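What you see is a predicted model; the values in this text were computed from it and never measured. Within every chain, numbering begins at 1; the chains are lettered A, B, ... in the order of the sequence lines, protein sequences first and strands thereafter.
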Amino acid sequence: MVEIESLKKWIELYGEKVTENKEHLNQLDSDIGDGDHGSNLTRGAAAVKEKVSESDYDNLSDFFKDVGMTLVSKVGGASGPLYGSAFISMAKQAKESDDLAALLEAGLDGIQKRGKAEAGEKTMVDEWIPVVAALKENKLTDEVIEDSLQKTKDMKATKGRASYLGDRSIGHIDPGAQSSAYLFKSLLEAGAVNG
Amino acid sequence: MVEIESLKKWIELYGEKVTENKEHLNQLDSDIGDGDHGSNLTRGAAAVKEKVSESDYDNLSDFFKDVGMTLVSKVGGASGPLYGSAFISMAKQAKESDDLAALLEAGLDGIQKRGKAEAGEKTMVDEWIPVVAALKENKLTDEVIEDSLQKTKDMKATKGRASYLGDRSIGHIDPGAQSSAYLFKSLLEAGAVNG
Amino acid sequence: MTKTGIIISHVYEIAKGINRLIQEVAGDVDIEVIGGLSETEIGTSFDSILEAINKHPSDNLLAFYDLGSAKMNLDMAKELSDKSITIYDVPIVEGAYTAAALLQAGVTQEAIEEQLKEIQIDK
Amino acid sequence: MTKTGIIISHVYEIAKGINRLIQEVAGDVDIEVIGGLSETEIGTSFDSILEAINKHPSDNLLAFYDLGSAKMNLDMAKELSDKSITIYDVPIVEGAYTAAALLQAGVTQEAIEEQLKEIQIDK
Ligand SMILES: Nc1ncnc2c1ncn2[C@@H]1O[C@H](COP(=O)(O)OP(=O)(O)O)[C@@H](O)[C@H]1O
Ligand SMILES: Nc1ncnc2c1ncn2[C@@H]1O[C@H](COP(=O)(O)OP(=O)(O)O)[C@@H](O)[C@H]1O
Ligand SMILES: [Mg+2]
Ligand SMILES: [Mg+2]
Ligand SMILES: [Mg+2]
Ligand SMILES: [Mg+2]
C-alpha cells in the first residue's frame, strides 16, 4: 500500500532531478540521438508541476492521469508518449490496487505496449524491467537502479532514434534509461517504497 | 544512308507535333502521371529549335549531341534524360555509321541504359522496340507506329510514375509512347526513311 | 471510400513539401499535413495530431509518419479518437505518394495496402 | 572519409526539410540539397544537379532521391562529373537520415551501405 502524498513527492523530486540534470540528459542524447531528451523532460516537468498544483487529488488514479496526459502533451519526442503511457497505465491500475510493484508493473506494460521494445533493445525498458522485478521482491535499491543503467552501455539499440546508428550505438548509456533511473531514485528518496 | 537535312526536318516536325499536341500529351499523363509530359516536351522543343538554329551542322553527330543535351537540360522529368540519352547515344553511333536503323537502335539502347525498362513495362520503350525492328527490315509504316502505341493501353506500368498506380495504370495509353509515336511519324513525314 | 489521408513529419517543410508533391497527382485527395512543433521547431506533437484528426472532414484516415516517435504520438491520438485510422510503416514520401496516387485513381483501401506492403520498412 | 552527401527531391520544401531534420543529428555532415526546378516549381533539373555536384567541396558523395526521374537526372550528372557518387535506392527521408547519423558517428561507407541495404526499395 502506498500513500498518495509520497507519490506526489516522488513526482516532484523526479521533476527536480531531470531539471537539474537537463544538460547531462541532453548530452547522452546527443551522443546517440538528437540531443533533446533533457530539454523535453524539463519542459514536461514544469508543466506537470503547474498542472498538479491546481488540484487537490484525493485519489491516485486522477493524479497519475493528469501527470500522464501532461507528459504526453508537453514532452513530445519518443519519451512523451512513453512516459505518458506509463502514467496513464498506472492510473488505470490504481483503480484496482495501490500496491506499488503492481502499479509500476502496469507502467512498464504501458511503455511496452506503446513502444514495442523488449529487454536488451537499449531503451528505458531496460531500466524499468529490473526495477519492477526488484520491487516485487521488495529489493529495490540504488544499486539495482545504477546497475541496470550501466548495462545499457553495452547494448546495441534496436528501437528509437539510436537504432539508426546500429553498432555505433554501443558504448553509450541510453538517455531514457538515465531519466528512468532518476525516476526510480526519486521513488526511493520520496520514501514511497516500504523496504 | 541518311541525309542530315532530312534529319533536321525530322526534329523540326517532331517539335511541331509535340507542341500542337501538348494538351493531349498532358491529358494522357494526367491519367497515369503528373500531367506535364506535353508541357515538358514543348519546352524542350522550343529550346532545341533555338539551339539548332544557331549552328550550321556539317555532321550528324554534332547535331544529335546538341539536340540531346538541350533535351536533357530543358525537358526535365523522366522524359528529359530519356530522350536526351537517346539522342546522345545516336550522336555516338553517328560517328560510325549513317544507317538510320542502326542510329535508332543506338537511341533505343540509350533509353534502356538510362531507364532500365524492358518491353512490356508500358513506357516509350514499347514504341521504340517495334519501330526499330521494322526499320531494320525496311518496313516502318504509320500502322506499325500506331499499333505499338495502342498496345501500351493494356499494359501494366512497372516503370516510371505510372508504376505507382499498379493495376490502375491498365487501360490508358502511355504518354511517352505517344510522344515517341509523334517522333516516328515525323521521321516518315520528313522522308528520312528510304522505303 | 473517402479520399483522404494524414501525413505527420518532424519537420514543417517536409510535411508541406509532400503535400505539394501529392497535389500534382492527386488533386482530389483530401490530405492533412502536420509538420514539426511549429514552422521552425522540429518535433511532433500529440496535441496537434489529435486536433488535426478531429477536425479532418473524413472519418477514415490513412496515416504516414517519418520517425518512430511520430508514430507513437500518432498511435496515442488514434486511441483517443473515434475515427478509423490506419498507420502505415512505409517511407513517408514514397508511401504517401503511392497511396495518394491510388486514392486519386479510386482504388480500394485493400488494393492500396497490397501495394504499400511492397515498400514496408522497419522504423 | 569525407562526411558528405547530396539530396535531390522534386520539391523544394522536402529537400530543405530533410536537411533540417539531419542537421539535428549530424551537424558536422556537409549536406547539399536540391529541390524542385525552383522554390515554387516541382521537378528535378539535370543542370542544377550537375552544378551542385561540381561546386560541392567533397569528391565523394552519397546521393538520395525521391522519384525515379530524379534518379535518371542524377545518373546523367554522375556520368558527366569526375566525382565519385553513389546513388542509394532507399526512402529519401529515412535513408538520408540514417546515412547522415552514421556519417556523423564516423562510420565507414561500407558500414553505411550495410545498414541502408535493409531499407532498400524499388522506385
Ligand atoms: N520504442 C521505444 N521503446 C521504449 N523506449 C524508447 C523507444 N524509443 C525511444 N525510447 C526511449 O526514448 C529515449 C529518447 O527520448 P527523447 O530524446 O525524448 O525522444 P526523441 O528520440 O524523439 O528525441 C531513448 O533514450 C529511449 O530510452
Ligand atoms: N524508366 C523508364 N524507362 C523508359 N521510359 C520511361 C521510364 N520512366 C518514365 N518513362 C517514360 O516517361 C514518360 C513520362 O514522362 P514525363 O511526364 O515527361 O516525366 P515525369 O513522369 O517525370 O513527369 C512515361 O510516359 C514513360 O513513357
Ligand atoms: Mg531525443
Ligand atoms: Mg527529439
Ligand atoms: Mg509527367
Ligand atoms: Mg513531371
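- Per-residue counts of heavy-atom pairs under 4.5 Å with chain C were compared for D:Val93, D:Val90, D:Thr98; the largest is that of D:Val93.
- When the heavy atoms of residues 114-121 of chain D are compared with those of chain C, the residues falling under 4.5 Å are D:Ile119, D:Ile121, listed by number.
- Scanning residues 8-15 of chain D against chain C with a 4.5 Å non-hydrogen threshold yields D:His10, D:Val11, D:Glu13, D:Ile14, sorted by number.
- With rounding to the nearest 0.5 Å, the separation of CZ in C:Arg20 from CD1 in D:Ile42 is 4.5 Å.
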